[in-house]
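Shown next, in structure tokens, is the structure this report addresses.
Each ligand, and each atom within it, is numbered from 1 in the order the structure gives. Positions are given from 1, in the same order as the sequence printed here.
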Amino acid sequence: MTADNMDTITIFDTTLRDGEQSPGCSMNTAEKLEVAKALVELGVDVIEAGFPIASPGDFEAVQQIARKYGDRAQICGLARCRTEDIEHARDALQDAENARIHVFLATSSIHRKFKLKMDKEEIIKTTVEMVQLAKSKCDNIEFSPEDAARTELDFLCEVVEKAIAAGATTVNIPDTVGYATPAHFHTVIRTLKMNVPNIDQAVISTHCHNDLGLAVANSLSAVEAGARQVECTINGLGERAGNAALEEVVMAIRTRGDYYKCKTNIDSTKLYPTSHLVSSITGMRIQRNKAVVGQNAFAHEAGIHQHGMLQDSSTYEIMRPQDVGFVGTNLVLGKHSGRHAFRDRVVSLGHNLDDEALETVFQDFIELADKKKEIYDADITALVENRVGDTHDHWTIKSFHVSSGIDTIPTATVDLDCEDGEHHCDAAIGDGPIDAVFKTLERITGLSARLEDFQVRGVTSGKDAQGEVSVAILHNGKTFRGKGVSTDIIEASARAYLKALNRAEAEKIPGGDTTRRGV
Ligand code: KIV
Ligand code: ZN
């Protein structure tokens with residue numbers, strides 16, 4: 001079978017909607033636009049840009065993404081089965097060349113009884129009315145029976161049939177609570193395909209959550225059963241344990257095209273940079289052994305594996321690192337490399353920087369080259385990621401000094417530049433030098449926070465390796481994440497903590513508002 005006669009699976013990315021619902025992963029509009037740009041370049045077919053009724057910030061982000069990228073991908077807005085939700089979605093999507101409204105209503109007996117207090121008849125009536133209303137505003141309508149995987153199959157068939165008759169062009173089958181197993185989910189999709197009389201008038205889609213670690217397996221099982229759209233997120237971000245990871249779904253379909261007889265429109269060489277971009281923007285680290293995009297995904301440790309690899313890489317490698325744009329630790333550049341060589345390398349690593357950002361990262365590179373003899377691809381990626389979203393930061397570090405040791409009180413002095421052009425300097429003591437820096441940052445910014453998570457990892461190996469620090473802080477009951485990188489881990493910690501505080505600060509600023517109404 002050649003690629004030409006394979007079915008194409010529509011990749012529907014919901015990083016900016018379901019992914020953003022991960023605790024501590026909220027993004028402001030500028031950050032969402034940056035992710036949307038990367039998704040368009042990755043080749044996703046549909047971008048679910050947000051839930052316009054949820055907050056003014058969500059509305060604005062959907063509107064701007066629709067304006068900017070609505071000619072390069074379908075831009076989708078989520079709506080409950082309520083008139084005002086659908087009107088908000090339509091308004092936010094007005095300027096998109098390709099718009100989709102995604103309407104959902106729960107159908108399982110548990111949700112009907114405890115959440116909606118509606119019987120089956122009312123569910124059908126509301127579905128039909130609201131899908132018709134959405135259809136009167138937009139041709140491209142997706143309907144999701146929420147908690148479909150726990151819905152009685154005969155009722156699910158009935159709802160899906162009525163939604164299609166009312167105008168739905170995609171019927172998405174969510175496993176909202178990650179309850180399904182691959183064989184079970186296959187049966188659900190197969191049953192819809194065999195028993196819903198008008199099923200050929202719509203695309204069947206899947207939306208699987210990962211509570212049992214089965215989201216990708218369930219999505220692939222649905223593809224085998226006839227689903228032709230998969231909803232997923234970069235790095236598997238999403239509510240609770242997350243959604244199906246886009247990179248895993250795409251590479252499974254690509255690597256096992258012989259079996260699935262399907263393909264996608266994704267440019268797989270952009271998977272690694274996109275995954276790292278989302279990780280830096282959200283501050284959510286990628287686990288080392290994460291499939292496809294983790295640091296160890298292409299590392300071979302056992303001698304027998306290394307021996308096989310040297311004979312022929314196909315012995316232990318089912319995907320080539322370059323197929324996913326993987327950044328190894330190749331020695332690339334040194335102190336004397338010029339701007340051109342640096343720019344070429346940044347571009348070949350999949351980063352898309354404007355001239356100003358490139359110059360900033362080049363200066364960081366020169367500084368790093370003074371401290372570190374050998375600079376690897378992973379170092380360059382870390383430098384680029386370290387600057388992602390910097391231009392929107394309220395506070396930046398101008399300088400800092402720490403003193404610590406045995407029999408001395410750890411003390412930090414920090415000087416910050418503020419967006420308003422002022423410098424602010426203060427000092428504090430702490431349990432250790434990092435604690436002292438964090439306390440000083442809180443004093444200057446006036447934001448108090450509780451450190452919830454603190455992790456350090458080496459970007460490469462070696463004594464002079466850069467350290468990457470990831471933090472999660474709790475401020476006003478909400479989690480904010482930040483990452484920082486430097487050869488000095490106190491500096492990396494300071495940058496990470498300040499990034500998280502900047503995110504908390506942004507919540508106060510109109511347009512940076514990511515707080516949601518109770519939906
Ligand atoms: O998990 C879910 O059911 C959802 C729907 C809104 C599709 O996210
Ligand atoms: Zn979901």
Hey, mind stepping through R17 and Q21 against side-chain hydrogen bond (donor to acceptor under 3.5 Å, both in side chains) and telling me if it holds?
-> CA-CA 7 Å; R17 199 278 296 168; Q21 287 171 220; 3.0 Å; yes
Worked verdict on R254 versus S268 for side-chain hydrogen bond (donor to acceptor under 3.5 Å, both in side chains) = CA-CA 9 Å; R254 185 186 146 123; S268 67; 3.0 Å; yes
For ligand 1, run through the N/O pairs with the protein that fall under 3.5 Å and put one pair on each line.
| unit_1 | atom_1 | unit_2 | atom_2 | d |
| --- | --- | --- | --- | --- |
| ligand 1 | 1 (O) | H207 | NE2 | 3.2 |
| ligand 1 | 1 (O) | H209 | NE2 | 3.0 |
| ligand 1 | 3 (O) | T176 | OG1 | 2.6 |
| ligand 1 | 8 (O) | R17 | NH1 | 3.4 |
| ligand 1 | 8 (O) | R17 | NH2 | 2.9 |
| ligand 1 | 8 (O) | D18 | OD2 | 3.1 |
| ligand 1 | 8 (O) | H207 | NE2 | 3.1 |

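Between L42 and the options D13, I234, V250, a side-chain contact (heavy atoms from CB on, under 4.5 Å) holds for only I234.
Between P273 and G325 the shortest heavy-atom distance is CD-O, 3.9 Å. Scanning both residues, A163 and V131, for their nearest heavy atoms gives O-CG1, 3.7 Å. For the residue pair I11 and D45, the shortest heavy atom distance occurs at N-OD2, 2.8 Å.
By the 30° and 60° cut-offs, the orientation of the rings of Y497 relative to F438 is parallel.
R112 forms a cation-pi arrangement with F155, by the criterion of a distance under 6.0 Å to the ring centre and an angle within 45° of the ring axis.
K125 has no carboxylate O lying under 4.0 Å from a charged side-chain N of E121, or vice versa, which leaves the two without a salt bridge.
Of all protein N/O/S atoms, those under 2.8 Å from the Zn ion (ligand 2) are D18 OD2, H207 NE2, H209 NE2, and waters are not counted.
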